[in-house]
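Down below is the structure, laid out as structure tokens.
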Amino acid sequence: MVGKGGEAAASAQHKEEHEEDGDMVGVVKLISAEGFEFVIDKKAAMVSNTLRNMLTSPGGFAETREGEVRFPEISTAILEKICQYFYWSLHYASGKETAEFPIEPEITLELMMAANYLDT
């Protein structure tokens with residue numbers, strides 16, 4: 001039986017092993033302006049250079065520690081479309097298959113502004 005101290009040590013060791021496997025392990029929570037939470041794979045979030053920098057920067061930033069990023073300027077509908085794009089991008093990154101990413105005309109401007117901020 002492992003005591004509380006042993007559990008903490010085992011948890012820390014497990015966390016270190018995952019960090020050694022790369023910064024792409026786990027999930028990230030993205031929170032829209034309205035407070036809606038999107039929990040996505042960290043690998044998908046890394047499609048965005050801005051998110052990559054937020055989540056992997058040394059220095060103990062809240063985003064790095066908590067695996068959570070708030071976007072007070074990005075609406076739920078736009079953040080949802082961005083999350084869809086992250087997964088679409090991962091799927092088609094190899095270039096073996098291609099498909100157009102569908103974008104509704106009415107959200108184009110707002111989506112472009114968010115994509116520019118996220119550097120995707």
Side-chain angles (χ1 to χ4, degrees):
M1 180 173 177
V2 179
K4 287 187 179 184
E7 288 175 3
S11 177
Q13 181 181 1
H14 181 70
K15 183 177 178 183
E16 284 178 23
E17 288 170 0
H18 281 291
E19 288 173 355
E20 288 172 7
D21 290 342
D23 289 329
M24 305 260 200
V25 177
V27 295
V28 175
K29 186 186 299 183
L30 307 180
I31 305 170
S32 71
E34 296 86 3
F36 194 89
E37 299 176 351
F38 295 90
V39 178
I40 65 171
D41 294 318
K42 195 169 185 180
K43 184 175 181 179
M46 295 300 178
V47 168
S48 162
N49 289 322
T50 301
L51 287 175
R52 178 185 299 271
N53 291 335
M54 286 178 170
L55 297 169
T56 60
S57 295
F61 293 106
E63 292 87 359
T64 306
R65 277 193 324 273
E66 298 168 11
E68 177 176 300
V69 183
R70 294 181 182 279
F71 295 102
E73 301 295 323
I74 300 178
S75 70
T76 299
I78 297 301
L79 192 55
E80 179 180 19
K81 196 67 170 180
I82 288 168
C83 291
Q84 290 171 0
Y85 174 76
F86 291 161
Y87 283 102
W88 178 90
S89 180
L90 284 178
H91 181 78
Y92 293 105
S94 69
K96 293 178 184 175
E97 299 179 62
T98 58
E100 283 192 28
F101 182 72
I103 299 173
E104 297 77 16
E106 59 273 7
I107 66 166
T108 303
L109 180 60
E110 195 175 353
L111 187 61
M112 284 180 18
M113 290 170 47
N116 183 54
Y117 171 72
L118 292 170
D119 193 13
T120 56

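Positions are given from 1 along the sequence.
Without hydrogens or angle criteria, S48 side chain to A45 main chain gives no donor-acceptor distance under 3.5 Å.
With sequence neighbours excluded, the residues forming a side chain to side chain contact (heavy atoms under 4.5 Å, CB included) with E104 are K81, E106, I107, listed by chain and number. Qualifying side chain to side chain contact (heavy atoms under 4.5 Å, CB included) partners for S89, counting only residues two or more places apart in sequence or in other chains: V47, Y85. By the side chain to side chain contact (heavy atoms under 4.5 Å, CB included) test, S32 is found to be paired with E34, F36, T76, L79, residues two or more places apart in sequence or in another chain being considered. When the ring pair (Phe, Tyr, Trp, His ring centres under 6.0 Å) test is applied to Y117, no partner is found at least two apart in sequence or on another chain. Remark: E80 pairs with no residue by the side chain to side chain donor-acceptor pair (under 3.5 Å) rule, at least two apart or across chains. When the side chain to side chain contact (heavy atoms under 4.5 Å, CB included) test is applied to A99, the partners found at least two apart in sequence or on another chain are W88, Y92. Applying the side chain to side chain donor-acceptor pair (under 3.5 Å) test to D119 and every residue at least two apart in sequence or in another chain returns N49. Taking E68 as the reference, K29, R70 meet the salt bridge (charged side-chain N to carboxylate O under 4.0 Å, His left out) condition, with sequence neighbours excluded.
Side-chain contact between L55 and V28: present, with at least one pair of heavy atoms (C-beta onward) separated by less than 4.5 Å. Contact annotation: the side chain of D41 never approaches that of F86 to less than 4.5 Å [non-hydrogen atoms, C-beta and beyond]. Side chains of L51 and L30 form a contact here, defined as non-hydrogen atoms less than 4.5 Å apart.
The number of heavy-atom neighbours closer than 6.0 Å to CD of E73, taken from other residues, nucleotides and ligands shown, is 12 or below.
Tracing side-chain contacts under 4.5 Å through hydrophobic residues (I, L, V, M, F, W, Y), one reaches F101 starting from L90; they form part of the same cluster. Hydrophobic clustering places F38 together with I103 (ILVMFWY residues linked when any side-chain heavy atoms are closer than 4.5 Å, directly or through intermediates).
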Worked check of side-chain contact (heavy atoms from CB on, under 4.5 Å) between L118 and F71: CA-CA 10 Å; L118 292 170; F71 295 102; 3.6 Å; yes

side-chain contact (heavy atoms from CB on, under 4.5 Å) assessment of I78 paired with M113: CA-CA 10 Å; I78 297 301; M113 290 170 47; over 6 Å; no

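We find the CD-CZ distance between E63 and R65 to be 9.0 Å, quoted to the nearest 0.5 Å. Here I40 contributes atom CD1 and M46 contributes atom CE; the two are 9.5 Å apart, rounded to the nearest 0.5 Å.
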